[in-house]
Amino acid sequence: TFPYYDEISLIFHGGEPLLAGIDFYNAAFKIIDKYSKNKKLFFGLQTNGSLIDDKFISFFKKHDIKVSISFDGPGSLNSLRDQTKKVTDIIMYCKKKKLDINLLGVIHNSNINNQVDYYNFAKENRFNLKLNPIFKSGKAIDNFEYLLDAETYITKLKEWFLLWKEDESPLRIDPLFNLTMMTLNG
């Protein structure tokens, strides 16, 4: 029953969490509800988005689950992912169904110069962004041409910060938001 915690955060991720199916999540939340009385709960889910349907959308809304979709940007910006068109369609369907989602992108050598386009796509659709640099893992192990050097990443991060700072109605974009808050708050 988590006696020592007033607030509990639970994030579903790793592999593709929606492969477990809606029945798994319905059963899991019955158990969570049973053992978390008088607790403030926060839920998140990280997905590639390909399995999101109306049942999952209703479930996410019912349980106030914060959904992040792995998405390196529309069209050619998303060159490392196989289902860009399908995921783009699902992202826009989530927007139509008023499911509040965030986008999580990986910045790599072949898309680093297109991040302004990604920012504009996210802003136009009011999606918050989290942009992570690629690490030497997964497809990057065998495709070293995607790896970023630190100087290139930092230079681009500065450019994005200036764009974001001058935006009259900026969206939340990490790591820029987090770095700004750490600087302002000491």
Side-chain angles (χ1 to χ4, degrees), residues 9-19 42-52 65-92 94-95 99-186:
S9 296
L10 182 60
I11 300 173
F12 299 95
H13 68 93
E16 175 48 51
L18 298 185
L19 283 172
F42 301 93
F43 299 106
L45 184 129
Q46 179 64 48
T47 176
N48 67 20
S50 63
L51 298 175
I52 293 177
I65 298 173
K66 305 301 179 211
V67 177
S68 293
I69 297 178
S70 298
F71 186 69
D72 296 342
S76 64
L77 300 180
N78 206 344
S79 62
L80 291 182
R81 307 216 188 254
D82 297 332
Q83 300 183 359
T84 301
K85 171 75 169 98
K86 179 179 180 180
V87 175
T88 303
D89 292 345
I90 289 170
I91 287 168
M92 299 314 290
C94 289
K95 178 182 176 184
L99 177 66
D100 186 22
I101 62 169
N102 296 305
L103 303 179
L104 176 62
V106 176
I107 302 168
H108 49 79
N109 250 347
S110 68
N111 72 4
I112 194 163
N113 292 317
N114 300 320
Q115 293 305 306
V116 171
D117 294 334
Y118 189 15
Y119 178 86
N120 289 333
F121 169 81
K123 181 177 176 170
E124 176 183 315
N125 291 290
R126 301 307 305 162
F127 299 130
N128 291 321
L129 284 174
K130 183 172 185 180
L131 299 172
N132 293 326
I134 197 166
F135 294 104
K136 192 174 182 178
S137 65
K139 287 186 178 183
I141 291 173
D142 297 324
N143 299 286
F144 60 89
E145 69 273 13
Y146 291 114
L147 297 178
L148 288 171
D149 63 86
E151 186 175 330
T152 301
Y153 176 65
I154 291 168
T155 299
K156 285 298 183 179
L157 202 59
K158 289 177 187 176
E159 290 176 22
W160 302 327
F161 176 77
L162 294 174
L163 170 74
W164 181 69
K165 181 181 78 119
E166 297 301 321
D167 194 335
E168 292 181 11
S169 58
L171 55 125
R172 181 175 173 141
I173 180 170
D174 291 327
L176 300 178
F177 179 81
N178 288 339
L179 291 170
T180 301
M181 294 311 292
M182 285 188 301
T183 302
L184 293 174
N185 294 327

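Any value given below was found using the heavy atoms of this structure, including those in side chains, with hydrogens, waters and symmetry copies removed.
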(Q) If I take atom OG from residue S50 and atom CG from residue D89, how far apart are they, to the nearest 0.5 angstrom? (A) 12.5 Å

Q: Could you pull out all residues at least two apart from F127 that satisfy ring-ring contact (aromatic ring centres under 6.0 Å, His included)?
A: none

Q: Starting from the C-alpha separation in whole Å, work towards a yes-or-no answer on side chain to side chain contact (heavy atoms under 4.5 Å, CB included) for I134 and L147.
A: CA-CA 6 Å; I134 197 166; L147 297 178; 4.2 Å; yes

Q. Would you say the side chains of S70 and Q46 form a donor-acceptor pair under 3.5 Å?
A. yes

Q | Expected output: side-chain N111 to main-chain N114 donor-acceptor under 3.5 Å | A | no

Q: Evaluate the side chain to side chain contact (heavy atoms under 4.5 Å, CB included) criterion for residues F161 and T180: first the C-alpha distance (whole Å), next the side-chain angles of each, then the deciding distance (0.1 Å), finally the verdict.
A: CA-CA 9 Å; F161 176 77; T180 301; 3.5 Å; yes

Q) Is it true that atom CD of E145 has more than 12 heavy atoms of other residues, nucleotides or ligands lying nearer than 6.0 Å? A) yes

Q | Donor-acceptor under 3.5 Å (W164 side chain, L171 main chain) | A | yes

Q) Quick one: does V67's side chain get under 4.5 Å of C94's, heavy atoms only? A) no

Q. If you look at every heavy atom in I107 and Y153, which pair is closest and at what distance?
A. CD1-CE1, 4.1 Å

Q) How many angstroms lie between atom CG of N132 and atom NE2 of H108, to the nearest 0.5 angstrom? A) 12.0 Å

(Q) For W160 and I173: C-alpha separation, side-chain torsions, deciding distance, then whether side chain to side chain contact (heavy atoms under 4.5 Å, CB included) applies. (A) CA-CA 10 Å; W160 302 327; I173 180 170; 5.6 Å; no

Q) If every non-hydrogen atom of L148 is compared with every non-hydrogen atom of P133, which pair is closest and at what distance? A) CD1-CB, 4.3 Å

(Q) If we ignore hydrogens and angles and just use 3.5 Å, is the side chain of N128 paired with the main-chain N or O of N102 as donor and acceptor? (A) no

**Q.** Sub-4.5 Å side-chain heavy-atom contact between I52 and I101
**A.** no

Q | OG1-CD distance between T47 and E16, expressed to the nearest 0.5 angstrom | A | 3.5 Å

Q | With sequence neighbours excluded, residues passing side-chain hydrogen bond (donor to acceptor under 3.5 Å, both in side chains) with T155 | A | none

Q: Locate the shortest heavy-atom distance separating G15 from P17; write the atom from each residue and the value.
A: O-CD, 3.8 Å

Q.
Per the salt bridge (Lys or Arg N to Asp or Glu O under 4.0 Å) rule, what does the pair list look like for residues 120-129, sequence neighbours excluded?
A. K123-D167

Q.
Rounded to the nearest 0.5 Å, what separates atom NE2 in H13 from atom CG in L104?
A. 11.5 Å

Q. side-chain hydrogen bond (donor to acceptor under 3.5 Å, both in side chains) with S68: which residues, sequence neighbours excluded?
A. none

**Q.** Partner set under side-chain hydrogen bond (donor to acceptor under 3.5 Å, both in side chains) for N125, not counting sequence neighbours
**A.** K95

(Q) Any heavy-atom pair between the side chains of L45 and L18 that's under 4.5 Å? (A) yes

Q: State, to 0.1 Å, how close G44 and I65 come at their nearest heavy-atom pair, and which atoms those are.
A: C-CG2, 4.0 Å

Q) Below 4.5 Å, heavy atoms only, C-beta onward: do Y118 and L103 meet side chain to side chain? A) yes

Q) At what distance, to the nearest 0.5 angstrom, does CD1 of I91 lie from NZ of K86? A) 12.5 Å

Q: First locate atom CG of N109, then atom OG1 of T152, and finally report the distance between them rounded to the nearest 0.5 Å.
A: 6.5 Å

**Q.** For the student: nearest non-hydrogen atoms of P175 and L157, plus distance
**A.** CG-CD1, 3.9 Å

Q) Which pairs with one or both residues in residues 152-161 pass salt bridge (Lys or Arg N to Asp or Glu O under 4.0 Å), sequence neighbours excluded? A) K156-E159

Q: Heavy atoms only: give me the nearest M92-F121 pair and the separation to one decimal.
A: SD-CZ, 4.3 Å

